[in-house]
Amino acid sequence: MSKIVPAILAENLQEYNLQVEKIKTFAKRVHIDITDGEFAPSFTVSESELWWPESWEVDIHAMVARPSQYADALIALKPSMIIFHAEVEEDLIPTLSKIKQAGIKVGVALQKQTVPSSIERVLEIVDHAMIFSGNLGYYGGRASLIQVEKVRLIKKIQPAAEIGWDGGVAVSNALILTQSGVDVLNTGGAIQKADNPTLAYNELVEETQRKGVL
């Protein structure tokens with residue numbers, strides 16, 4: 001059964017606070033997006049503005065061009081995990097190793113064009129691999145289900161990796177993604193833009209628990 005993890009992607013602190021309020025009564029693990037306006041074309045709240053309830057387990061997804069410049073500030077926030085993108089031009093391994101030494105889990109996100117075998121060295125050291133099927137820096141991506149083939153390819157390289165999915169998670173595909181071996185369904189718009197976020201979250205959870213066949 002996949003975990004439904006609500007996501008936060010906010011342009012400013014006021015919007016960020018509102019999104020926290022929408023999910024704080026039911027969220028346990030939360031995915032927080034930040035961007036730099038370079039790797040991703042949009043701007044979000046900065047790492048210095050991030051906060052969350054003490055009870056949350058937080059994964060920070062940093063869509064930034066130079067992860068090494070963000071590592072210290074993100075480590076200081078003490079999240080559960082920090083995720084950077086495979087497509088950055090830096091060598092990720094020193095930055096990921098530094099974060100792991102601080103006792104924080106590390107993840108790598110793969111965009112649609114990225115083949116797992118091309119980042120084998122990175123996959124070998126991460127705790128989490130996130131299949132990214134969305135639009136960098138925006139809600140409303142579509143789930144490209146052909147990307148689920150990456151689950152098998154990632155596991156071949158790193159059998160212990162937790163598999164995440166980001167982009168277009170909805171009731172219509174949550175069961176398929178679950179049965180395809182995805183462990184974590186990061187869900188933004190389907191919860192944050194719902195008239196009743198709690199109901200939307202519960203419906204997604206129920207869908208991942210439903211018996212069915214592919």
Side-chain angles (χ1 to χ4, degrees), residues 1-10 19-20 22-34 52 55-63 79-86 105-112 114 116 123 126-155 158 160-214:
M1 182 183 71
S2 300
K3 296 178 182 177
I4 300 297
V5 176
I8 294 175
L9 190 157
Q19 291 190 31
V20 169
K22 285 183 178 181
I23 65 175
K24 73 176 185 180
T25 59
F26 58 82
K28 300 177 179 66
R29 180 173 175 178
V30 175
H31 176 97
I32 298 177
D33 291 305
I34 63 169
W52 52 80
S55 60
W56 281 7
E57 176 185 353
V58 170
D59 305 333
I60 296 178
H61 173 205
M63 293 175 272
S80 175
M81 180 163 64
I82 300 170
I83 302 166
F84 292 117
H85 270 264
K105 290 183 288 187
V106 294
V108 63
L110 294 77
Q111 293 187 69
K112 295 174 186 177
T114 301
L123 286 171
V126 298
D127 305 290
H128 179 100
M130 189 176 76
I131 300 167
F132 188 82
S133 179
N135 300 320
L136 285 172
Y138 297 97
Y139 282 148
R142 297 185 65 182
S144 175
L145 296 181
I146 195 172
Q147 296 288 313
V148 299
E149 172 65 10
K150 288 181 180 175
V151 175
R152 179 184 65 83
L153 298 174
I154 291 166
K155 286 290 190 179
Q158 171 54 292
E162 178 183 63
I163 305 295
W165 183 281
D166 189 344
V169 173
V171 170
S172 61
N173 57 38
L175 181 60
I176 293 172
L177 292 169
T178 297
Q179 294 181 331
S180 297
V182 179
D183 302 302
V184 176
L185 300 181
N186 299 299
T187 311
I191 293 175
Q192 293 287 358
K193 294 184 178 181
D195 292 335
N196 186 329
T198 303
L199 178 60
Y201 171 80
N202 289 335
E203 288 177 344
L204 285 161
V205 171
E206 290 173 6
E207 188 65 13
T208 64
Q209 297 172 346
R210 186 167 66 83
K211 302 295 182 182
V213 294
L214 285 174

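Every value quoted in this text rests on a predicted model; they were computed, and no experiment measured them.
For the pair I163 and G181, the tightest heavy-atom approach, listed with the atom from each and the gap, is CB-O, 4.0 Å. Between A7 and D33, the closest heavy-atom pair is CB-OD2, 4.4 Å. Here the closest heavy-atom approach between residue I4 and residue Y201 is recorded as O-CE1, 3.5 Å. A pairwise comparison of heavy atoms in V171 and L204 identifies N-CD2, 3.6 Å as the closest pair. Among all heavy-atom pairs drawn from A174 and T208, the shortest one is CB-CG2, 4.2 Å. Taking all atoms of both residues into account, the shortest heavy-atom contact from W165 to V182 is CB-CG1, 3.6 Å.
With a 4.5 Å cut-off on side-chain heavy atoms, L177 and S2 do not count as touching. Looking at S133 and K112, their side chains come closer than 4.5 Å, going by heavy atoms from C-beta outward. For the pair I154/I131, a side-chain contact is recorded, criterion being any heavy-atom separation below 4.5 Å from C-beta on. Annotation: side chain of I83 is not in contact with side chain of F132 (no heavy-atom distance under 4.5 Å). Residues K105 and H128 have side chains not in contact (no heavy-atom distance under 4.5 Å, counting atoms from C-beta outward).
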Can F26 and I191 be said to form a side chain to side chain contact (heavy atoms under 4.5 Å, CB included), step by step? CA-CA 11 Å; F26 58 82; I191 293 175; 4.1 Å; yes
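Note that CD of Q147 and CG of L153 are 10.5 Å apart. Values are rounded to the nearest 0.5 Å. Atom NE2 of H31 and atom CE of M81 lie 8.5 Å apart (nearest 0.5 Å). Within the model, atoms CH2 of W52 and CD1 of I23 stand 12.5 Å from one another, a figure rounded to the nearest 0.5 Å. Atoms NZ and OG1, on K3 and T187 in that order, are 13.5 Å from each other to the nearest 0.5 Å. Atom CE in M1 sits 13.0 Å away from atom CD in Q179 (nearest 0.5 Å). I60 CD1 to I34 CD1: the interatomic distance, rounded to the nearest 0.5 Å, is 6.5 Å.
For N173 (side chain) and A170 (main-chain N/O), a donor-acceptor pair under 3.5 Å exists by modelled atom type. Side-chain atoms of K150 come within 3.5 Å of backbone atoms of T114 as a donor-acceptor pair (strictly under, hydrogens ignored). When atom types are taken as modelled, the side chain of E162 and the backbone of D127 share no donor-acceptor pair closer than 3.5 angstrom. A distance-only check finds no donor-acceptor pair linking the side chain of E207 to the backbone of S172 [under 3.5 Å].
Remark: D166 engages no residue in a salt bridge (Lys or Arg N to Asp or Glu O under 4.0 Å) (not counting sequence neighbours).
In the model, D59 has no side-chain atom that pairs as donor or acceptor with a side-chain atom of H61 under 3.5 Å.
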